[in-house]
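Below, read A as the first sequence line, B as the second, and so on, with proteins coming before strands; counting in each chain starts at 1. Computed from a prediction, not measured in an experiment: that's the story for all the values here.
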Number of protein chains: 2
Amino acid sequence: MYRDRIRRIRRGMRAVGASHLLTAAPEHIRYLTGFRGEDSAAVVSGGAIAVITDARYSEEAGERVEKLRKEGVRARLVMRGRKGLAATAAEAVKGRSPVLGVEERRITAATWKALGKLLRGKGKVKAADGIIREERAVKDGWELRTMRKAVRIAEKAIEDVRGGIRPGLTERRIAMMLHAAMVHYGADGPSFPTIVAAGAGSSRPHYETSDRRVKKGEPVLIDWGARTEGYGSDLTRVFFAGRMKPPAGRAYAVLLEAREAAIKAVRPGVAAGEVDAAARRAIESAGYGGRFTHALGHGLGLEVHEAPLIGAGSREKLQEGVVFTIEPGIYVPGRWGLRLEDDFAITAGGRTARLGSLPLEPEWAVTGE
Amino acid sequence: MYRDRIRRIRRGMRAVGASHLLTAAPEHIRYLTGFRGEDSAAVVSGGAIAVITDARYSEEAGERVEKLRKEGVRARLVMRGRKGLAATAAEAVKGRSPVLGVEERRITAATWKALGKLLRGKGKVKAADGIIREERAVKDGWELRTMRKAVRIAEKAIEDVRGGIRPGLTERRIAMMLHAAMVHYGADGPSFPTIVAAGAGSSRPHYETSDRRVKKGEPVLIDWGARTEGYGSDLTRVFFAGRMKPPAGRAYAVLLEAREAAIKAVRPGVAAGEVDAAARRAIESAGYGGRFTHALGHGLGLEVHEAPLIGAGSREKLQEGVVFTIEPGIYVPGRWGLRLEDDFAITAGGRTARLGSLPLEPEWAVTGE
């Protein structure tokens, strides 16, 4: 698996003229080697890979490199010692007039400047941001199965918790219940800090879960996901304890339409911005202009936000193998907000497949009182 | 509070000759404004501050800016729209030959390069990394009280969970129990993903909690902390279900000595490296040379790792108001590892104060079987 991934990255490197590629993004390092550590890096060159880390991770990294070698990967471990990341990485750059590709959006300005100095007169540093990011956007069969599992765990957990969403319960308590249920069903943990937003808090797309208590009839927006084998799911539902108040009821129906419009627009080769536009049109033409304040969706995998971005004007193309969210929302500041989010993939043959099966009916969204 | 913080930052800016200071580090933005959001930034200039964010956070950021104004801060909100962070920040840089200080260790190379281009011919971009970082290292009375609370919550939680650490329990189950107990005692959540490492896993300083089950007599290393009002605690203890095996027993005593040596070395004005050296000497002279593979400690606050770094050779000076961890460890790869960690402050008058009171006796570390 890692051997193939490194081979594909090498193809991307050739395309931009980089003899070496440095990444310091944890998920990129994990994708290429399986190694997980902070303050670490990897340098790919000519089909070989150097894993750079410090003494805290020597045991894990050593084992990982051994496993990669057994898989036929020319891997080696480079310990940083007391040297900086840039100095250690620069030493791994060899050969005649090497060109080191770096991910300018994933390394700090300090590291970038240090690399430039260290390689002066020896080689060049060049921006090479998209290579691993784009490779990661296309999932293989194992990744897709793992992500279906992450969705299934999150869905089972909410089914357990849903019945207990009643007036008086705090947001944080609901988040804890979900966490415990996800771990019970086999998650390593939540894929991001669960958002539980009751009442007016639901109008804030990135609300921070608090000790506020659920009141009858108001929306309880829950944005959660499970992580398994590194891969996360990302779902959103809105519940209403006892009954759904009318303005929310209408907006809920509009979100379902927007979602359908988006799903219809998905196909291999479509620009992601067109999918966003389809949903946005449905929301605006229903009279909620300016109330959908974020992108329609995003790629999903080792990171909860990865390629492709499905937002207004996005030119990234959807293709077979991408896994992404569709999450239209309507927000009335200070009053209420609704969002419905599921995870989808474009599978073999260009078919759009939803990765889960959680109900969407408004009746299902009304819980006990 | 924010007004004073911004005033102190302004002093630091004058010292390096920056007319403006850009930060994109979430904890720095929170420290200066109270605002919390991803993909955001703040620009300080002449005692005023601009908060830069996108539509997802318009409600929170708008309220925050209003509150800052009531406090007497010249604050304003700048929405990014579809422009990048660099372009929006560059627009906030005005005046005759402005010098924009940036945190090169906290912004990406891409943002740094974009700022350079955007300001070409109008102003200069200059590295200004330490200003907010160093200001944040010194805690005020409220921060210190909040951090004592974060420690107290974490300690109460482990006292609850300790008795239940028995053979057969999984690492993940212990982490869940701790999480629930911390929330019960008033935490917003854990301050970082709890590490529970049973048996050989304990030899890995950054082990990832798994479904491994605790066995009788082996070390169960727990590294955990609680977060409240943004501030986190960070503690480590090792437990032994039923009994403590001999090699661990000896190392445990050595850690206690190393810890005492470090505490004795702490005083205002000391170089942090000297404190690390005191502990390291104690461990090495006891015959565990090369077995203490990480820094002795680190500053603690809004981030779990912040200034000062207490590692080998660190020249950062400890001073009144710093809050930091002391966490000596001994690791035998593939076999076992021990670490003891508490949180300390240098309080008024230069006194070293431990922020908690969790027992350290080896007898306390032995739990039920």
[options]: which one forms the most heavy-atom pairs within less than 4.5 Å of chain A?
options: B:His294, B:Arg105, B:His184, B:Met176; result: B:Met176
options: B:Ala295, B:Gly62, B:Ser203, B:Gly189; result: B:Ser203
options: B:Ile107, B:Val102, B:Asp188; result: B:Asp188

[X] versus chain B, heavy atoms under 4.5 Å apart: side chain, backbone, both or neither?
X: A:Tyr331; result: neither
X: A:Glu208; result: side chain
X: A:Ala312; result: both
X: A:Arg82; result: side chain
X: A:Ala187; result: backbone

Using the six-membered ring wherever Trp is involved, compare the ring planes of A:His206 and B:Tyr57 and label them parallel, tilted or perpendicular (cut-offs 30° and 60°).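 Aromatic pair A:His206/B:Tyr57 classed tilted.
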Count the heavy atoms of every other residue, nucleotide or ligand shown that sit under 6.0 Å from CZ of B:Arg173, and state whether that count exceeds 12.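 Not buried by this count: 12 neighbours or fewer within 6.0 Å.
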Are A:Lys113 and B:Trp112 packed together at the side-chain level, in the sense that at least one heavy-atom pair is separated by less than 4.5 angstrom?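 Counting from C-beta outward, A:Lys113 and B:Trp112 do come under 4.5 Å.
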Contact check, side chains of B:Arg172 and A:Val183, non-hydrogen atoms, under 4.5 Å: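 Result yes, sub-4.5 Å side-chain heavy-atom pair found.
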Using modelled atom types only, decide if a donor and an acceptor are shared between the side chain of B:Glu104 and the backbone of A:Thr108 within a distance under 3.5 Å.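 No; judged by distance alone, with no hydrogens or angles, the pair does not exist.
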In Å and rounded to the nearest 0.5 Å, what is the CD to CZ distance from A:Glu60 to B:Arg204?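 A:Glu60 CD to B:Arg204 CZ: 4.5 Å, rounded to 0.5 Å.
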If every non-hydrogen atom of B:Arg56 is compared with every non-hydrogen atom of A:Pro205, which pair is closest and at what distance?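 Distance-wise, the nearest heavy atoms are O-CD, 3.3 Å.
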